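Report on the following structure.
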Amino acid sequence: MTLQFRRATTADIPAMGAIRLAVRENALSNPARITQQMYEDYLERLGRGWVCERDGIVIGFSYAARDDSSIWALFVDPAHEGLGAGKRLLQLAADWLFASGAHAVSLSTAAGTRADRLYQALGWQRGEAGDDGNVHYRLARGTTIRRAEAGDLDAMWAIFQPLLSGGDSFPFGAGFEKSTFQLHWFSSHPAYVACAGERILGMYKMGAIYPDHGAHVASATYAVATQAQGKGIGRALVEHSLAQARREGFLAMQFNYVVSTNAPAVALYRKLGFSIAGTLPQAFRHGEQGLVDAYVLHRFLEADQS
């Protein structure tokens with residue numbers, strides 16, 4: 001059995017339409033809504049499509065939409081699931097969008113589906129679930145997020161050290177040693193890293209803010225390499241941590257010590273639904289500005305449906 005992948009043509013539209021109607025998940029509530037013209041438009045004018053063939057029969061297809069850098073469609077015939085066709089079709093669509101200049105690719109799928117689990121396993125950043133029950137995913141160019149491993153320690157420490165010298169965001173000073181960092185990031189709370197290929201660009205660790213009666217509230221610490229800041233890595237890490245916290249059953253996320261003068265971080269957290277629950281007057285000694293306030297930030301988490 002050999003799977004073959006190629007660019008889709010108008011001759012493939014009937015087979016693609018039949019697959020779209022046959023799928024058990026993400027089924028169309030109104031099949032008439034997807035027309036022949038829409039398939040034709042996404043083949044040439046609005047994007048590009050690919051098909052997977054098995055023994056000459058089309059068993060799956062994907063479409064990439066150029067205007068919003070999204071995966072418009074990714075479906076595999078239920079009788080041919082588990083062969084790797086979906087994974088390759090997804091890669092073809094995402095690679096084409098990146099090659100076309102996209103900085104990030106997005107898609108959505110119903111929560112709890114095979115596709116939902118596939119995108120998570122492939123390192124796509126799982127975002128908010130909409131009112132329609134669909135989960136939105138995002139993949140930055142060349143960036144994936146995975147669980148940190150012991151072999152990542154040196155790269156993670158190399159990211160963290162320059163951030164300490166700035167004296168503007170972390171309470172730790174120059175005396176914070178690598179052994180302490182290792183204990184801090186590889187102990188009770190699991191850590192994750194954002195990677196571009198083999199290169200680590202950022203990291204976070206997340207877990208219960210307090211034990212026992214406070215264990216339903218999560219907290220997290222984030223760090224992005226100086227050279228990678230301003231490129232969406234921080235947002236991807238926060239969104240990933242929120243999704244992970246939901247999956248682990250936390251009811252809320254809380255940060256107890258966000259330096260008020262760290263404007264990019266505060267703006268990002270506010271944009272992602274956090275509110276200022278309290279202010280700690282002059283709680284942080286800033287390297288340049290002296291004593292400044294620190295914030296307590298909080299947001300509730302919606303239940304994860306996967």
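Worth saying up front: this structure is predicted, and the values here are computed from it rather than measured.
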Within-4.5 Å side-chain heavy-atom neighbours: Phe61 and Cys52: no
Closest non-hydrogen atom pair, [X] against [Y]:
X      : Y      : result
Thr113 : Ala110 : OG1-O, 2.8 Å
Ser260 : Val266 : O-CG2, 4.2 Å
His286 : Glu288 : ND1-N, 3.0 Å
Ser69  : Ala104 : CB-O, 3.4 Å

So does [X] have more than 12 non-hydrogen atoms from other groups sitting under 6.0 Å from [atom1]?
X      : atom1 : value
Glu177 : CD    : no
Leu291 : CG    : yes
Lys178 : NZ    : yes
Gln37  : CD    : yes
Arg146 : CZ    : yes

Assess, by modelled atom type and distance only, whether the side chains of [X] and [Y] contain a donor and an acceptor separated by less than 3.5 Å.
X      : Y      : result
Arg54  : His80  : yes
Arg147 : Tyr192 : no
Tyr204 : His240 : yes
Ser241 : Tyr222 : yes

Can the ring centroids of Phe186 and His184 be said to lie less than 6.0 angstrom from one another? no
Expected output: side-chain Ser62 to main-chain Leu89 donor-acceptor under 3.5 Å: yes
Under a 3.5 Å distance rule, please check whether Asp293 uses its side chain to pair with a backbone N or O of Gln282 as donor and acceptor. yes
[X] vs [Y] aromatic rings, parallel, tilted or perpendicular, using cut-offs 30° and 60°?
X      : Y      : value
Tyr119 : Tyr137 : perpendicular
Phe172 : Phe170 : parallel
Phe176 : Phe181 : perpendicular

Suppose we screen for salt bridge (charged side-chain N to carboxylate O under 4.0 Å, His left out). Which residues come up paired with Asp12, at least two apart in sequence or across chains? Arg6
For Arg114, what residues pass the salt bridge (charged side-chain N to carboxylate O under 4.0 Å, His left out) criterion, not counting sequence neighbours?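 Partners of Arg114 by the salt bridge (charged side-chain N to carboxylate O under 4.0 Å, His left out) criterion, ordered by chain and then number, come out as Glu81.
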Given the rule that I, L, V, M, F, W and Y join up when any side-chain heavy atoms are under 4.5 Å apart, are Ile209 and Trp185 in one cluster? no
